[in-house]
A.B. asks: 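There's a structure below that I have some questions on.
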2 protein chains.
Amino acid sequence: MNSQSEEDYLKAIYHLEMDYDSISTNSVADYLNMKPSSVTDMLKKLADKKYINYQKYKGSSLTKKGKLIALSIIRKHRLWETFLVDKLGFGWDQVHLIAEQLEHIKSEELIENLDDFLGNPKYDPHGDPIPNKEGKIEKMNQKLLVELKIQQEGIITGVKKGTASLLSYLDKEKIKLGDSIKVIEVLEFDGTFIVEINNRKLTFSEKICQNLLLETYD
Amino acid sequence: MNSQSEEDYLKAIYHLEMDYDSISTNSVADYLNMKPSSVTDMLKKLADKKYINYQKYKGSSLTKKGKLIALSIIRKHRLWETFLVDKLGFGWDQVHLIAEQLEHIKSEELIENLDDFLGNPKYDPHGDPIPNKEGKIEKMNQKLLVELKIQQEGIITGVKKGTASLLSYLDKEKIKLGDSIKVIEVLEFDGTFIVEINNRKLTFSEKICQNLLLETYD
DNA sequence: ATTTATTTTTAGACAAGTCTAAAAATAATA
DNA sequence: TATTATTTTTAGACTTGTCTAAAAATAAAT
């Protein structure tokens, strides 16, 4: 049985591996708001358990075993977030901290029953894919709307940092994270995008398109 | 913020206070499967926090503050048990260990939303009353069926220790914990009880009545 | 009312997970 | 490449919650 702390580290390394090739001790420390010396200790422990490949001064990477554990925690996190939003009426921006706690509850059966209860969702309220029981997760590509070609589709997953005002605009337009978006036309003159969301045609300025994050499957 | 351990101790003392007048260090140790020396340490800590009245060698009792915390944990425990049984399809005998974990999740809003989602239940799947947000809990009297008078009612809450076979009998008769039971008639000859459960008349031998636990409101 | 048994507390140790401060290794720069 | 800066590790300390073993207090019994 793994401790909550161990699980947090494995999850952190998993997320960091999405964005960077080699995972430094300091990057883990930053991610978890911990001191590098504490991280070194835990990395050794995780290496002893064969959850990571760790070489002094050289960085770390998850082993197959460690990756499976990380994915099972992410699965739990995303299923609980789905529960909190779909069933308990939380907003998608309120659920992270609660799910951080719930993801550590130990019970295989609990999470499989929860999965069924939620209708075996494929994506969580933020539009992120939910790994299956075996640790399989859909590969997604993070893109900006402005990068999409005509007729291409994606799922809205967020906005770039520092553009909270865009969020409230989307909210006003009744556009939620997880909504599907398709490019219909791009005006050459000013880069305006004409897109379709929820069967509605909408016009987005180039600036909006440069700040709207999507995930695509290609 | 209280630790999981502190919450476990407070809950233990609360439960022990239901059954005994004065709470000894050893009884807490037995209840929690811990060594008395460990309990002494924690009792001091809880006393420092004004959660219990503790006097060396004299025993402990919850303060008002401590009792409120214990009741809030019990509220969470029983709401989660209700969720597990009503929504996720667990049996009432499978949920205790999972609820022991869930009860420590920290979020006021979570538990109030869960309460609403479940339809503000008054009793958990074992028939125990759920304290409200303010820590009010319905007072119940634990009785054996054999102690009830004619026309008196109660809720089935369990069986005496060592009578698991009675449980399977009840199960076969489609009688569940939480079902309401009413005494219709008692045969003087052999102490047989004729009772009504779920609008069905049933006959219980005196032995059954001596082992069936109820809660009554009188 | 002594002695014996039981309960409770104290004292000291240990594991997990964190920290600070200093040393060692690696990377960057002049 | 020698020096400086940065990163990472080591060493030692602290906290929480547990344990064992021994001492002290209380309760039971002869």
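The sequence lines fix the lettering, A, B, ..., with proteins before strands; numbering per chain opens at 1.
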A.B. asks: Cation-pi check, Lys87(B) to Phe83(A): give yes when NZ or CZ is under 6.0 Å from the six-membered ring centre and within 45° of the ring axis, no otherwise.
C.D. replies: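 Not flagged: Lys87(B) not positioned over aromatic ring of Phe83(A).
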
A.B. asks: How many Å lie between CG on Asp48(B) and P on dT16(D), as a whole number?
C.D. replies: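 These atoms are roughly 12 Å apart.
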
A.B. asks: From C-beta outward on Ser5(B), which listed nucleotide comes closest to its side chain: dT9(D), dT18(D), dA25(D)?
C.D. replies: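 Selected nucleotide (nearest to the side chain): dT18(D).
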
A.B. asks: Against Tyr54(B), only a single residue in Thr63(B), Ile23(B), Thr40(B), Leu46(B) fulfils side-chain contact (heavy atoms from CB on, under 4.5 Å); can you say which?
C.D. replies: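 So the option named by the test is Thr40(B).
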
A.B. asks: Is it true that Asp30(A) and Asn26(A) share a donor-acceptor pair across their side chains at a distance under 3.5 Å?
C.D. replies: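 Per modelled atom types, Asn26(A) and Asp30(A) side chains form no pair under 3.5 Å.
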
A.B. asks: Whole-Å distance between dA24(C) P and Tyr57(A) OH?
C.D. replies: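 Value for this atom pair: 9 Å.
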
A.B. asks: What is the distance, rounded to the nearest whole Å, between atom NZ of Lys58(B) and atom P of dA24(D)?
C.D. replies: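 Computing the Lys58(B):NZ to dA24(D):P distance gives 19 Å.
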
A.B. asks: For the pair made of NE2 in His104(B) and P in dT16(D), what is the distance, rounded to whole Å?
C.D. replies: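 It works out to 18 Å between those atoms.
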
A.B. asks: Assess Lys64(A) against Tyr51(A): is NZ or CZ under 6.0 Å from the centre of the six-membered ring, and within 45 degrees of the ring's axis?
C.D. replies: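 Verdict for Tyr51(A): no cation-pi partner in Lys64(A).
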
A.B. asks: Which residues within residues 25-45 of chain B lie with some heavy atom under 4.0 Å of an atom in DNA chain C?
C.D. replies: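 Correct list: Thr25(B), Asn26(B), Pro36(B), Ser37(B), Thr40(B), Lys44(B).
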
A.B. asks: Measure NZ/Lys49(A) against C1'/dA16(C) and give the value in whole Å, please.
C.D. replies: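 Those two atoms, NZ and C1', are 11 Å apart.
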
A.B. asks: Less than 3.5 Å apart, any donor N or O on the side chain of Asp124(B) or Thr82(B) sitting next to an acceptor on the other?
C.D. replies: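 Result is no, nothing qualifies.
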
A.B. asks: Lys56(B) has an atom NZ; how far is it from atom P of dT26(D), in whole Å?
C.D. replies: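 Between P of dT26(D) and NZ of Lys56(B): 10 Å.
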
A.B. asks: By nearest nucleotide on DNA chain C, pick out whichever of Ser3(A) and Gln55(B) is the more 5' one.
C.D. replies: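 Nearer the 5' end of the strand: Gln55(B).
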
A.B. asks: I'd like a table of donor-acceptor pairs (distance under 3.5 Å, sequence neighbours excluded) in which one partner is a side-chain atom from residues 93-101 of chain B, with atom names and distances.
C.D. replies:
unit_1: Gln94(B); atom_1: OE1; unit_2: Gly91(B); atom_2: N; d: 2.6
unit_1: His96(B); atom_1: ND1; unit_2: His77(B); atom_2: NE2; d: 3.3
unit_1: Glu100(B); atom_1: OE2; unit_2: Lys11(B); atom_2: NZ; d: 2.7
unit_1: Gln101(B); atom_1: OE1; unit_2: Lys106(A); atom_2: N; d: 2.6
unit_1: Gln101(B); atom_1: NE2; unit_2: Lys106(A); atom_2: O; d: 2.9

A.B. asks: Nearest-nucleotide wise, let me know which of Tyr54(B) and Tyr9(A) is further upstream toward the 5' end of DNA chain C.
C.D. replies: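 Going by which nucleotide is closer to the 5' end, it is Tyr54(B).
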
A.B. asks: Return the value, rounded to whole Å, for the distance between atom CD of Gln4(B) and atom C1' of dT16(D).
C.D. replies: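 Gln4(B) atom CD is separated from dT16(D) atom C1' by 13 Å.
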
